[in-house]
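Here the structure is laid out as structure tokens; the discussion comes afterwards.
We name chains A, B, ... by the order of the sequence lines, and we start the count at 1 in each one.
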Amino acid sequence: MRYWLLKSDPDTFSWQDLVASPRRTTRWDGVRNYQARNSLRDDVAVGDGVLFYHSQADRAVVGTATVTRAAYPDPTQFDRKSPQHDPGSDPGDPRWVAVDIRAEREFAHPVPLDQLRKTPGLAKMTLLQKGSRLSVQPVTSGEWEIICRLGGVATK
DNA sequence: GCCAACGTTGGC
DNA sequence: GCCAACGTTGGC
């Protein structure tokens, strides 16, 4: 099993939105970056652990989630009314994929970006590299344990 | 709100 | 195939 960090702008879709979703589960769609797409399509598997990160004003890891469905075509790419519509994607060979995730543990203490930067053992995190904008990032098991501990939840 | 960094587009 | 221009992301 692997671990991932998923970025979300809380003004668009927040942790609270995820928790309020039916079965605490949502479709993680709208990824429109090829590198992130490749991770979703090729490497993200059911049962993988997810660190849920708020970008923008919040900038903190706020909880954990579990992947409950592996990659499938992102329906929003074919929805002309969606801001995520991609007129260049061929329905016979969809360009973008989605996965499903379910909220697991809410952090008692959200872990802000500043704290991540200060924490020994996290310096190599993709999130902390200059210019890193990937919305789907791999996380090592060591990083996962450190961050869950900081967040106040036990690791499995 | 600003702007640096990044990915994508399109002219050549 | 190069690269300038553009739009977007996201930290500050």
Side-chain angles (χ1 to χ4, degrees), chain A residues 2-21 26-44 48-65 67 70-101 103-140 142-153:
Chain A
R2 305 190 204 210
Y3 300 97
W4 307 93
L5 181 144
L6 297 187
K7 271 187 201 173
S8 190
D9 171 3
D11 290 336
T12 304
F13 190 86
S14 69
W15 170 260
Q16 288 73 22
D17 292 328
L18 176 59
V19 169
S21 300
T26 195
R27 182 178 67 216
W28 198 259
D29 57 28
V31 170
R32 295 294 181 268
N33 169 282
Y34 286 103
Q35 194 177 344
R37 187 279 311 266
N38 291 346
S39 292
L40 282 186
R41 186 189 59 192
D42 303 333
D43 296 325
V44 175
D48 282 359
V50 170
L51 294 174
F52 197 99
Y53 176 80
H54 278 170
S55 63
Q56 300 290 102
D58 235 27
R59 274 169 283 125
V61 180
V62 294
T64 68
V67 176
Y72 58 97
D74 176 354
T76 67
Q77 68 195 305
F78 303 121
D79 179 358
R80 295 186 184 193
K81 293 174 189 165
S82 169
Q84 299 168 355
H85 178 235
D86 179 0
S89 183
D90 173 6
D93 184 20
R95 184 178 287 172
W96 307 111
V97 298
V99 299
D100 288 354
I101 64 167
E104 208 66 45
R105 305 295 305 276
E106 180 166 323
F107 278 6
H109 314 288
V111 184
L113 185 62
D114 290 350
Q115 188 179 5
L116 295 174
R117 289 195 195 285
K118 288 179 194 162
T119 303
L122 298 182
K124 292 182 180 173
M125 271 190 85
T126 304
L127 182 71
L128 304 184
Q129 307 313 306
K130 186 178 171 79
S132 165
R133 296 196 322 195
L134 268 185
S135 61
V136 179
Q137 306 180 358
V139 170
T140 68
E143 291 161 353
W144 171 272
E145 292 197 14
I146 291 171
I147 293 168
C148 286
R149 194 174 307 129
L150 292 173
V153 307

Hey, could you give me each pair passing side-chain hydrogen bond (donor to acceptor under 3.5 Å, both in side chains) that has a residue in residues 54-64 of chain A? Not counting sequence neighbours.
His54(A)-Asp58(A)

Among pairs that include at least one residue of residues 114-124 of chain A, which meet side-chain hydrogen bond (donor to acceptor under 3.5 Å, both in side chains), considering only residues two or more places apart or in two chains?
none

Residues forming a salt bridge (Lys or Arg N to Asp or Glu O under 4.0 Å) with [X], sequence neighbours excluded:
X	answer
Asp86(A)	Arg95(A)
Asp43(A)	Arg2(A)
Asp100(A)	none

Could you identify which residues of residues 74-83 of chain A place a heavy atom less than 4.0 Å from some atom of DNA chain C, listed by residue number, or say none?
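None, since no heavy atom is under 4.0 Å.
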
Taking side-chain contact (heavy atoms from CB on, under 4.5 Å) as the test, write out the residues that go with Ser135(A), two or more places apart.
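With sequence neighbours excluded, Ser135(A) shows a side-chain contact (heavy atoms from CB on, under 4.5 Å) to Lys7(A), Val31(A), Ala36(A), given in chain and number order.
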
Could I get the full list of side-chain contact (heavy atoms from CB on, under 4.5 Å) partners for His109(A), not counting sequence neighbours?
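side-chain contact (heavy atoms from CB on, under 4.5 Å) list for His109(A), sorted by chain: empty.
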
Which nucleotide of DNA chain C is the first, and which the last, in the 5' to 3' direction, to come under 4.0 Å of a heavy atom belonging to chain A?
dT8(C) to dC12(C)

